[in-house]
Amino acid sequence: MSQRSTLMISLQRRNTLFFIAISAISTWAIGLDSGFRQNVSQTVNWPTKTVRIIVGFPGGSSPDLTARTLAEPLSKALGQPVIVENKVGAGGNIGADFVAKATDNHTLGLMINGNMTTAKLLNPKLPYDPLKDLAPVSLIGVSPLVLMAPKNAPGADARAFLAAAKQAADSWSYGSPGVGTVGHIGMELLQSRTGTKAVHVPYPGYAQVAGGMLGGQLQLSMLPPALALAQVKGDKLRAIGVTSSGRSALAPELPSMSEAGVANFNLEIWNAVAAPKTMPAPIVAKLSKLISEIARSPEVREKLFQQGWQVVGSSPEGLANRITSDTALFGGVIKTLGISNQ
């Protein structure tokens, strides 16, 4: 074969490879453009119908009040109705499971800590997995619990009270709103840090725990600030301190657990908005931006504060980080004590 023929064949091969490469790049670019246009369309055209916020607790409960506080301004921002539906039971997990399985891209959930952190650890048979089936949207608000005692409890201050509790050992009892709740796990975490050994008595809810304290059946418990401070103002129970790392704006007059001698103790309840994991990322991002802005607006912030929440209004990443840290914190207590709510 002549040198000229060899050269021609080489050029033909190069041209063929060039056109194959160009064709491949064009196909890839078309795919990218199609995916981009689809993502933009999902965000621009959404929502196309009523948006539902599912709450796993009864009307008038704290999660329900938060959802209804967000619903009206969110409806105005989206240009579509936003309604709250209560699907009650299993500590909010029935509602959370409904959200996890929703496929209409118009269903959200107002969750509490447990629904997005320890639910599966407490019950491996749970029909949804918080980490796999729910997409974080925004952490709405946080609140410490208040360590409470009867009005005539011993000890002049928080340190002295905890010393008396340690000395009392299992002759004292504490109440919580159920096995595996933050009120239960939080008390066990506090007991592990202070050497106290009070016996756990589960109740249906925080109101019943307060009733148990008023009736003399309990010597300590952790209650949400709104309920706790109402008892203090009514001169019925005594507040020992808040469970946050520092003093809380919700009860600035109360010492933190650090001030009571329990170093590095930080326990908070929180609520958050979540979506099904299948909801497209552009819609989740749009929702997170709107909901966080609404939560941080002066009017809504004040309403949530009156409900007992310090507003956060985080990004999806901020909520995801909180889920990770709380799952590790509470999960350690659950595994150590073998706590289960099956």
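If you read the sequence from its start, that first residue is 1, and numbering goes on from there.
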Is there a donor-acceptor pair under 3.5 Å between the side chain of [X] and the backbone N or O of [Y]?
X    : Y    : answer
S221 : G175 : no
Q208 : G205 : yes
K49  : D104 : no
T324 : A320 : yes
S138 : S314 : yes
K120 : P130 : no
S288 : V137 : yes
S192 : L189 : yes
R247 : P252 : yes
T278 : T103 : no

Testing the basics here: between [X] and [Y], what is the closest heavy-atom pair and its distance to 0.1 Å?
X    : Y    : value
L237 : M148 : CB-CE, 3.7 Å
V242 : A251 : CG1-CB, 4.3 Å
V232 : A239 : CG2-CB, 3.7 Å
A274 : M116 : CB-CE, 3.6 Å
P202 : G178 : CB-CA, 4.2 Å
I83  : T50  : CG1-CG2, 3.9 Å

Could you tell me if the side chain of [Y] sits less than 4.5 Å from the side chain of [X], heavy atoms only?
X    : Y    : value
Y174 : Q219 : no
V273 : L287 : no
T48  : N105 : no
K236 : K151 : no
M222 : L267 : yes

For the hydrophobic clusters of this structure (ILVMFWY residues joined by side-chain heavy atoms under 4.5 Å, transitively), does one cluster hold both [X] and [Y]?
X    : Y    : result
L319 : I283 : no
V142 : I291 : no
L139 : L65  : no
V199 : L220 : no
V201 : M187 : yes

* Should I112 and I269 be marked as a side chain to side chain contact (heavy atoms under 4.5 Å, CB included) after you check the CA-CA gap, both sets of side-chain angles, and the distance that decides it? -> CA-CA 7 Å; I112 63 169; I269 54 174; over 6 Å; no
Answer yes or no: are there more than 12 heavy-atom neighbours, outside [X] itself, under 6.0 Å from its atom [atom1]?
X    : atom1 : result
Q167 : CD    : no
K166 : NZ    : no
K76  : NZ    : no
E299 : CD    : no

Rounded to the nearest 0.5 Å, how far apart are [atom1] of [X] and [atom2] of [Y]?
X    : Y    : atom1 : atom2 : value
K335 : T118 : NZ    : OG1   : 12.0 Å
L126 : D133 : CG    : CG    : 9.5 Å
L214 : Q231 : CG    : CD    : 5.0 Å
H184 : I334 : NE2   : CD1   : 9.5 Å
I54  : M111 : CD1   : CE    : 9.0 Å
I185 : L329 : CD1   : CG    : 9.0 Å

* Structure fact -> Which of L110, V88, V99 passes side-chain contact (heavy atoms from CB on, under 4.5 Å) with V55? It is L110
* To do: Keeping to residues at least two apart or across chains, list the side-chain hydrogen bond (donor to acceptor under 3.5 Å, both in side chains) pairs with something in residues 263-272.
  => T66-N271, E268-R322, W270-D326
* Taking only residues at least two apart or on different chains, which pairs with a member in residues 78-93 satisfy side-chain hydrogen bond (donor to acceptor under 3.5 Å, both in side chains)? ->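 Only D64-N86, R68-N86, N93-N115, N93-Y128 qualify under side-chain hydrogen bond (donor to acceptor under 3.5 Å, both in side chains).
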* Parallel, tilted or perpendicular for H106 and W46, by the 30°/60° rule? ->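 Ring orientation, 0 to 90° scale: tilted.
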* L121 and F330: CA distance, side-chain angles, deciding distance, side chain to side chain contact (heavy atoms under 4.5 Å, CB included) verdict -> CA-CA 9 Å; L121 296 175; F330 298 143; over 6 Å; no
* Which residues pass the side-chain hydrogen bond (donor to acceptor under 3.5 Å, both in side chains) test with Q310, sequence neighbours left out? ->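 Once residues adjacent in sequence are excluded, the partners of Q310 under the side-chain hydrogen bond (donor to acceptor under 3.5 Å, both in side chains) criterion are S248.
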* Give the C-alpha distance, both sets of side-chain angles, the deciding distance and a yes or no for side chain to side chain contact (heavy atoms under 4.5 Å, CB included) between T69 and W309. => CA-CA 12 Å; T69 300; W309 298 106; over 6 Å; no
* Asked: L162 and V262: side chain to side chain contact (heavy atoms under 4.5 Å, CB included), yes or no, with the steps?
  -> CA-CA 10 Å; L162 289 173; V262 189; 3.9 Å; yes
